[in-house]
Each structure stands twice: as C-alpha cells, then as structure tokens.
**Q** 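Starting off with a structure, shown below.
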Amino acid sequence: MGLEMFEAFSPWNVLPWLVVLACCEASSGVNTSSNSSALQTPNAWFAASSSDPDERISVFELDYDYVQIPYEVTLWILLASLAKIGFHLYHRLPHLMPESCLLILVGALVGSIIFGTHHQSPPVMDSSIYFLYLLPPIVLESGYFMPTRPFFENIGSILWWGGLGALINAFGIGLSLYFICQIKAFGLSDMHLLQNLLFGSLISAVDPVAVLAVFEEARVNEQLYMMIFGEALLNDGISVVLYNILIAFTKMHKFEDIEPVDILAGCARFIIVGCGGVFFGIIFGFISAFITRFTQNISAIEPLIVFMFSYLSYLAAETLYLSGILAITACAVTMKKYVEENVSQTSYTTIKYFMKMLSSVSETLIFIFMGVSTIGKNHEWNWAFICFTLVFCQIWRAISVFVLFYVSNQFRTFPFSIKDQFIIFYSGVRGAGSFSLAFLLPLSLFPRKKLFVTATLVVIYFTVFFQGITIGPLVRYLDVRKTNKKESINEELHIRLMDHLKAGIEDVCGQWSHYQIRDKFKKFDHQYLRKILIRKNLPKSSIVSLYKKLEMKQAIEMVETGILTSAAFSARVQGTKRLSPEDVESMRDILTHNMYQVRQRNLSYNKYNLKPQTSEKQAKEILIRRQNTLRESMRKGHSLPWGKQAGTKNIRYLSFPYSNPQTARRDLRAAESTGNWMRLISVFLQRIWVPGSIAQDPC
Amino acid sequence: MGSRASSLLRDEELEEIKKETGFSHSQITRLYSRFTSLDKGENGTLSREDFQRIPELAINPLGDRIINAFFSEGEDQVNFRGFMRTLAHFRPIEDNEKSKDVNGPEPLNSRSNKLHFAFRLYDLDKDDKISRDELLQVLRMMVGVNISDEQLGSIADRTIQEADQDGDSAISFTEFVKVYQSPLDFKLNFAQEGGADWGLEKCLKVLILFIIFFLIFQSQVLEKVDVEQKMSIRFLH
C-alpha cells in the first residue's frame, strides 16, 4: 500500500511531469532557461544512439536521462538519511541543535556539489508539486500526532495566540518594512504595500516544533508544549491562506483600485476559507472512521483508507479554494480517535511509521532544495531590507507574544509565566514553509523576487542556527529546578515519592478545565458517535477485561506451579558501614536511572523520530506487581479457592502484604511467554498513553 | 451531571466542609461532581474498586497506597467528607493563612500535616517509624526490576543512615521532617554543561544573562523546592 504514495517518483510518471514542467516553465521563476538546456543537452548526447535505427543489438547502453529525476531525488533522500544516522550516533548532538540544522547543511552540501559541477538539478520544486505532494504529508503528520485532549483543553488560548499572532506578525512586519521601503536611500521604493504585506505573511510562518527536541529533557510543562504545538499547527494554514488572499489582491488590476469593500471581502474570505476547510476535514474524518468499522477482514488496506481520505479532504478543500491545510489537520484530529480503536495493532503501527516517513521525506526534499537555491547565482542582496527584516521579525514576535498572552492570562486557569512566554518567543524558528512560499512567488508579479528569497533564506538560517542552538542552554538555564545540585539519596527518594503522590492525587481529582463541556461532549460521543463509528465487538471496558484476563492467567499459573514461597530475604545485620563518596555516587546513579518516571503529563513529541515507549515497559511492570492487590478486589464473585493470607515475610514485591507471595520477576518472565498478554497490555496502555482515546473508561 | 451534583449536596454540608477543609464553594461543587462521576454504585460512597477504575492511577507505582490513604482504618467505603478531608491536605498554603490564629486547630493543609500524609505512605503499620522493611517495600515499588535485592538493600541502608539520628535504624517522624528543614537550595550552576562547544555556550550564556536577568526576577523563578510546593495541587474553581 505504500507503493501508491511513491507513484510520483516511479519512472513511468516522469513523462507527464516533464509535460507539466514544460507548461509551468512560464510561471515558475528559477531554472527556466536552464531547464530547457537541461532537457536539450542530455538529449544531444544520446541523439546519436537513439535516432539511428538499431542495426545491431547493443550489449551495453547508458541512458541516464531516463532515470535522472527519480535517481537524483532518491540519492538526495539517502544522503539526508545517512546524515541523520550520523547525527544520532553522536548522542549529545540532538540535544544541542535541532535536526533542521542538519538538513539545511545537507542541502547546502548538495547545492554546492550541484553548483560546482554545473549540473542541472532536478526540478523538484514547483508550485503544484509543492502544494499537491510535498506539503500534505507534513501537515498530516503534525495533525495526527497532535495530542487531542490537551489541545481541546487549551483551544481558546491556541486559537487566540495562533490565529491572532500570525495575523499581527504578518501585518506588523509587512507594514514596518513598507515604511522602511519608503526611505529613498535604501533603493527599495519600488516595492509597494501589497508586496511587503505578502512578504510579511510568508516570513511569519514559523516552525517551532523543530526545536522541541532540543529542550525535551528539560521538563517543559504540558501547557507550554501545547501552545507551541498548536501554534505550529495553525500557523502554516493561516500563512498559506493569507498568502493566497494577498496574491489574489496583487493580481487585481491596479493596486490603487483596492477599496474598503475589497478589504472586507478579503477578511470574509479569510474566515470562510478557514472554517470551510475545517468543516470539510471533519466530514472526511467521520467518513473514514466509519469505513474503518468494517475492515476487520482486510486489515491490510486500513492504512490506505486513512491516508487516502486525509489526502482526499485536502484535495476536495483545495478544489473549492478552501484551506486544504486546515482540512487535512481537522481530518487527522477527528479521525484519529476512532480509527485507533477500530484498526488492528499492526495497521496502527504502520500508519504511525508511514506518516513519519512521508513527512520526513517531504521535509528533506524541501530543505535540500533550499540548500540548492542558497548556493547559486539567484541572489540579490540589500543590506537595509535584510537587516530590518531580521530585526522586525524578532520585535513583532516579541510584541505579539507578550501582548496576546497578557490578555489571555486573564482568562486562563493556569496563566503562563514570563519564563514560558519568553520560551515561546524564542522558539519562533522559521522553517521550510516560509522558504517554499517565497520560492513560489510568481516572478511576473514580483520583479524583486530574488530579494525576497534572499531575505527569507537569511532569516531561516539565522533563526535555525542561532536560535536553534542557543535555545537548549537557555531553557536549561531558565528551568532552574533541573540544575546540577547534588541531592542526597534521601531527598531524591522522598521527592520522587512526592511527585508520584501528587500525580496520583491529581488523577483522582480529574484536573480538567472546561470539565462540563468535556463531559457533555463525552456523553454525546458515547451515545451517538461511538455507536456508529466503532466496531461492535470490542470489550466495553478495557481495564476490567484486562484484569480479568490477568487474574485468569495467574490462576492457571498457580495451579501449574504450586504456590511457591520465594526466598525470604535475610535481614541484614549491618552496622553503620562507611561508604565512600564513589559508592554513594554510584548508588545515587542507580537510583536516579531506575526509579520510575512520574506519570508523564508532559508530552514527548519528536518530529523526526518515533521513540519506543519506555513508559510502556514501566507501566507493564507496575501492573504486574499490582496484580495481586487487584486480584483481591476482583475476588468477590469468583470461586477461586485460595485466599490464604501470606505471612508477613517476603512482602518485598507487593504493594500490600496480604496476598500470596509471588515474585514480580517471575511474573514478568512468565508473562513474556504469552504474546497475547503482551498485546493486551500494549493495547491497554495505548488507550491511556495516547491521549484522547481514553474514552473507553466507563464514565 | 453538573445540575444533579449541586442539588444533592446540601448547603449545610457544604458549609461544614468549607470550614473544615478551607476549599471554596465552587471548588467543592466541582469536586463533588467528580466524586459522583467516580461513584458507579451511586450510593454516595466510593469503594476501592471505584478508585482502581481510574486508569492513570493503575499505572502509578504508588497507586495502591494512595487509594489506601483515602480510607480510614478498617473501612471499605469513603463518603464525600472523607474524600474532601484527604484532598484538603493538598490545598496550596495561602499567604494570608500562614499568620492566622495559632490557637485554633491546625488546618489540614499545613506543612506538618502534609508531611504526615507522606509519612503515612511509608509507615503501614502505623508505629510512627519507617523501618528498613517498610522502606525497602516502597523502594521496590518505585524502582524497576533491574535492581538486584542487594543493591536495593544497600540503598535502603544508606537512606536510613543519612536520616537516622537516634541510632534505632528506623526513621521517625521528626527525622523525616528534618530532611525538609532547610529548603533544598540550588545553585545556578552551568559549568557542567560542556563537551566540545563549552566555549561557545559560555559566551552565549553571558550574553543572554544580561537580557533575561530582569525577566527572571519578574517571574519569581527562584522558587525553592519545598514541601509546600511539592505537595500542593491547584484546585480548579
């Protein structure tokens, strides 16, 4: 099923591409003349061999032209993958700089190779190719991995910040640059207001998720994570919508003819485009969730359905000039909850990995193309414009962050501290999105397009490298709780205990804002939506069924092996033994590395990688250990004979000293032997750890 | 669910709970609706199974002990007052409360009561001492299966050794409290981050320091890790 997505790159699609490219040559700016020469020069090479009638069968032929595009694209992707492998081998590096840095460097490398050998790069970047093939996977991936519950809890703040922030940034930067352009001395006076506004809108497309990996280990709180995520999600969509509207304005006959009516129409269009896109996305999400209800016998096509429907929502929205990005995001968010419950385990994993793979391929291609454009002759440098662009980007971002958050803090239950706001401000790293939009500006409408591209590149390089590298130490510095103080073992133990205790009590209280609304939605969901969209024969409550299965398994085990008494631990008579500092140090290390993590309210999202869930392993161990206590409570109604109270010896491995003695380790080993049980645990855990799909718990 | 909650909770009861625990009116109503949503049997009390149905609590290593803390000795059901009484321990300490009347009964969320709560998680047999066995139990619960018994034993020994002052190889409540006597101070220590680019980072830090020093003061980031903050939850209105 993955082959469908790669159709674009397979050899027999090259011919239509070449036709498309030939048509688009008039509108796309770069490589116009070089395209035609590229097509002609290799042809001239082989003209001799192909035009002559074949008199003899040749034993060995070379036809590079036939495979050039897919061949080079594949080489690029491989090169980027090798670079990523190398990047992660030195394990400290991912914490120092975001992976975008690496991709840009690879792109610059490829660009310099191409430039140096005067080779013609494959024309990967074109308006239709970008918007139809490269952009949807990126947006789909960020929408799919969005943790839904925190998103909806914070949706007010996210819409306020994401929506208004993008608008303020775009118009602010555009207007300030316009005023700079009015100053005659800089030689920029031929750029009128619309062009500057357009530039403002494309330069305000941030990609803050790229830096999340850098401060992953400094425990950024969940709210902050959510704001950064939400902003990244909405930002692309809003920039593209703005971009399209402003291009439509630019295409109108005369700039001076624009009246307030047009501006109002523009605003109305903005809202309609946004909301219409979301609406489309939700509809397609429900349809695909409904279809996955019936796929239990052909689970191999489940990933296909997910991908095709998301893509379809994008295309359908684009047909009507609605925002495809918002459509695909809404589709992913809606679909995820139901699809994950319907779909088989392997399909679920396939979907996750495939999405990551697609989006990473797209992004790699865009960055490489960015590198290729950097090393070239298509630049126009203007000190004033570029420096002021940089300055205004920072200033306007700071203004929008602090003003908008000041307002939203008045209404929030958990207001954001200045430290959080500063981190949000500093994470405004530009990425592939702004470069693509700049690159695809039509040259006919923007005679100074090269200046825009150069300025965009400078901003991207600056933010990615400077801000990306310094944000790690900055966050670690600000997050003062994680400094290198040496705690005694006592303190570590007690602090961890308190953290677990606090997390447990919070879970008992059910700390959600908008509790009523969520409750109402859950009720509606339970009564109507789930009946339609979810398969019939799933267990009603995963927890209860899991425990029952655990208990049954343990019952069987005990019959088979008899009730063992594990070795009583010898009460050590130990005097106050002097421990050297190294011993204490190693002891502390053992403790820190092995103590269970507190229930992660903090989400761990990595844009480029799907890390194996260490929390699953931890949760498995805890569940096994608690079997015994749970058995006690489940016992009512069961006719199992054993109920002896164990002696108080060997209470080590149990939560409470009143069950049969069983060692946790033995349980674990025994458990591993049954694959079925493992699957049950992982399915159960996904229902907890994949936020948003907790709907299974009987509420 | 919301409307049902407020009608079942009588006003006098609400006043009593408010006086006893210090929660506000809206907080109590909200927690009552949470209580009723957990109460499947709809008999006005929660049993242990109701707590165990909370999925996140199932994977909390201290889940059982936390659940147990809600129930008083020998009881199997907890009503709303008991529920609130336990939760009251986690109310944040307000500044205006600290200097309230010294003569009245100690509020449930005082520092000492918070520490008592934590102490009771360790001390199962309620003899006011954490013995080596009890400590070992808790350690084992909080640690994975990769640590051998001997290592765990020596960690427990070391813990007792650090805290024990009267030499009875057990931690009493006063000794437990002493761990938190001096707030764990911290140092803005950034010399440890190093490696290849230590020089670059240090220069950048000096630059950044000037910019954000003011912001740090503003944000009261210089909090001290202490009990009051660790064992306090922000209850929603």
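Lettering of chains follows the sequences in order, A, B, ..., and the numbering in each one begins at 1.
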**Q** Which residue in the set B/Asp39, B/Thr45, B/Ile28 passes side chain to side chain contact (heavy atoms under 4.5 Å, CB included) when paired with B/Phe80?
**A**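 Going through the options one by one, the only one that passes is B/Ile28.
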
**Q** Does the distance from a Lys or Arg side-chain N to an Asp or Glu carboxylate O, for B/Asp50 and B/Arg53, drop under 4.0 Å?
**A** yes

**Q** Quick one: what part of B/Leu38 sits under 4.5 Å from any heavy atom of chain A, side chain, backbone, both or neither?
**A**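 Looking at B/Leu38, just its side chain touches chain A.
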
**Q** Below 4.5 Å from any heavy atom of chain A, which atoms of B/Leu121 appear? Answer side chain, backbone, both or neither.
**A**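 Contact with chain A involves the side chain of B/Leu121 alone.
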
**Q** Can you tell which part of B/Leu62 gets under 4.5 Å to a heavy atom of chain A, answering side chain, backbone, both or neither?
**A**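 B/Leu62 touches chain A through side-chain heavy atoms alone.
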
**Q** Do B/Arg140 and B/Gln137 get their side chains close enough for a donor-acceptor pair, meaning under 3.5 Å?
**A**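 No, because no side-chain N or O of B/Arg140 sits under 3.5 Å from a partner of the opposite role on B/Gln137.
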
**Q** Under the ring-ring contact (aromatic ring centres under 6.0 Å, His included) rule, collect the residues that match up with B/Phe71, sequence neighbours excluded.
**A** B/Phe51

